[in-house]
J.: 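My questions all concern the structure below.
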Amino acid sequence: MKSITRKGFLKLTKNVLTTLGLGAILTPIIAYFYPAKLEEIPSEPVSAGQVDDLPIGKYKTIRFGRYPAIILNTQTGFKAYSAVCTHFACITKWDESIGKIVCPCHDGYFDPEDGSVISGPPPTPLEKLSVEVRDNTIYVSAGGDA
């Protein structure tokens, strides 16, 4: 085996560290220009879990493409909406104590039955999503009557 000199070792170390440094700098730059494919709205239905995991009066927030969706189990069945408030794109939550979908940013309230604005600054209702139950699994898809 050939022995390495001190000068050779330092040169090798410098080259390795330079390569690693350039990689650490260039990787995020390249990733910026070639982002991961995130669909705005999924083309296929998204699973929201099992029916038994979402009792009446409870909700769940799921990833629905690029943005979250909110699924509620109301007295009249499952309802799903885009969880993005139509005022300033804050994420809405279900407030079980008052029985309304609430936007915490600017005190907006939405009706859980149809997503319409009850009060506050939101200009339009939440976007309705379709809900289908197959084999005890809840599926959410774009469009339709939630």
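Because the structure is a prediction, the values reported are computed rather than measured.
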J.: L129, V133: one ILVMFWY side-chain cluster at the under-4.5 Å cut-off?
T.: yes

J.: Indicate whether any N or O donor in one side chain lies under 3.5 Å from an N or O acceptor in the other, for S141 and E132.
T.: no

J.: To the nearest 0.5 Å, what is the distance between OG1 (T92) and CD1 (I70)?
T.: 4.5 Å

J.: Is the backbone N or O of L54 less than 3.5 Å from a side-chain atom of N73, with the two atoms forming a donor-acceptor pair by type?
T.: yes

J.: Going hydrophobic residue to hydrophobic residue with side-chain gaps under 4.5 angstrom, can you get from I118 over to F88?
T.: no

J.: Working note: I56 + Q75, criterion side-chain contact (heavy atoms from CB on, under 4.5 Å); need CA distance, chi angles, decisive distance, verdict.
T.: CA-CA 6 Å; I56 292 177; Q75 295 292 337; 3.4 Å; yes

J.: Any donor-acceptor pair under 3.5 Å linking the side chain of T86 with the backbone of T124?
T.: yes

J.: Please round to the nearest 0.5 Å and tell me the distance separating atom CD1 of I71 and atom OH of Y139.
T.: 13.0 Å

J.: At their closest point, which heavy atom of P122 faces which heavy atom of H87, and how far apart are they?
T.: CA-CB, 3.8 Å

J.: Group every Ile, Leu, Val, Met, Phe, Trp and Tyr by side-chain heavy-atom contacts under 4.5 Å, then state whether Y32 and I25 land in the same group.
T.: yes

J.: Would you give me the side-chain donor-acceptor pairs under 3.5 Å for residues 95-104, sequence neighbours excluded?
T.:
| residue | atom | partner | partner atom | Å |
| --- | --- | --- | --- | --- |
| D95 | OD1 | S97 | N | 3.1 |
| D95 | OD1 | S97 | OG | 2.5 |
| E96 | OE1 | K58 | NZ | 3.0 |
| E96 | OE2 | K58 | NZ | 3.4 |

J.: Which atom names give the shortest non-hydrogen contact between P28 and A24, and what distance separates them?
T.: CD-O, 3.2 Å

J.: Got V140 and S130 here, is their nearest side-chain heavy-atom distance under 4.5 Å?
T.: no

J.: On a heavy-atom basis, which atom in P68 and which in I91 lie closest, and how many Å separate them?
T.: CG-CD1, 3.5 Å

J.: Under a 3.5 Å threshold, yes or no: a donor from one side chain and an acceptor from the other, between D111 and Y109?
T.: no

J.: Say you draw a straight line from CZ of F64 to CD of E127; how long is it, rounded to the nearest 0.5 Å?
T.: 7.5 Å

J.: Determine whether more than 12 heavy atoms belonging to other residues, nucleotides or ligands lie under 6.0 Å from atom CG of D135.
T.: no

J.: Got a donor-acceptor contact below 3.5 angstrom from the Y81 side chain to the D114 backbone?
T.: yes

J.: List the steps and the verdict of side-chain contact (heavy atoms from CB on, under 4.5 Å) for K79 and V131.
T.: CA-CA 7 Å; K79 306 289 181 178; V131 179; 5.8 Å; no

J.: What's the separation between atom CG in L72 and atom CZ in F110, rounded to the nearest 0.5 Å?
T.: 12.5 Å

J.: Mark yes or no for whether W94, through its side chain, and G57, through its backbone, hold a donor-acceptor pair below 3.5 Å.
T.: yes

J.: How many angstroms lie between atom CG of L126 and atom SG of C85, to the nearest 0.5 angstrom?
T.: 7.0 Å

J.: Measure the CG-OG1 distance between D52 and T137 for me, rounded to the nearest 0.5 Å.
T.: 9.5 Å

J.: Can you confirm whether the thiol sulfurs of C90 and C105 sit closer than 2.5 Å?
T.: yes

J.: Would you say that F78 contacts V51 through its side chain, given a criterion of any heavy-atom pair below 4.5 Å between the two side chains?
T.: yes

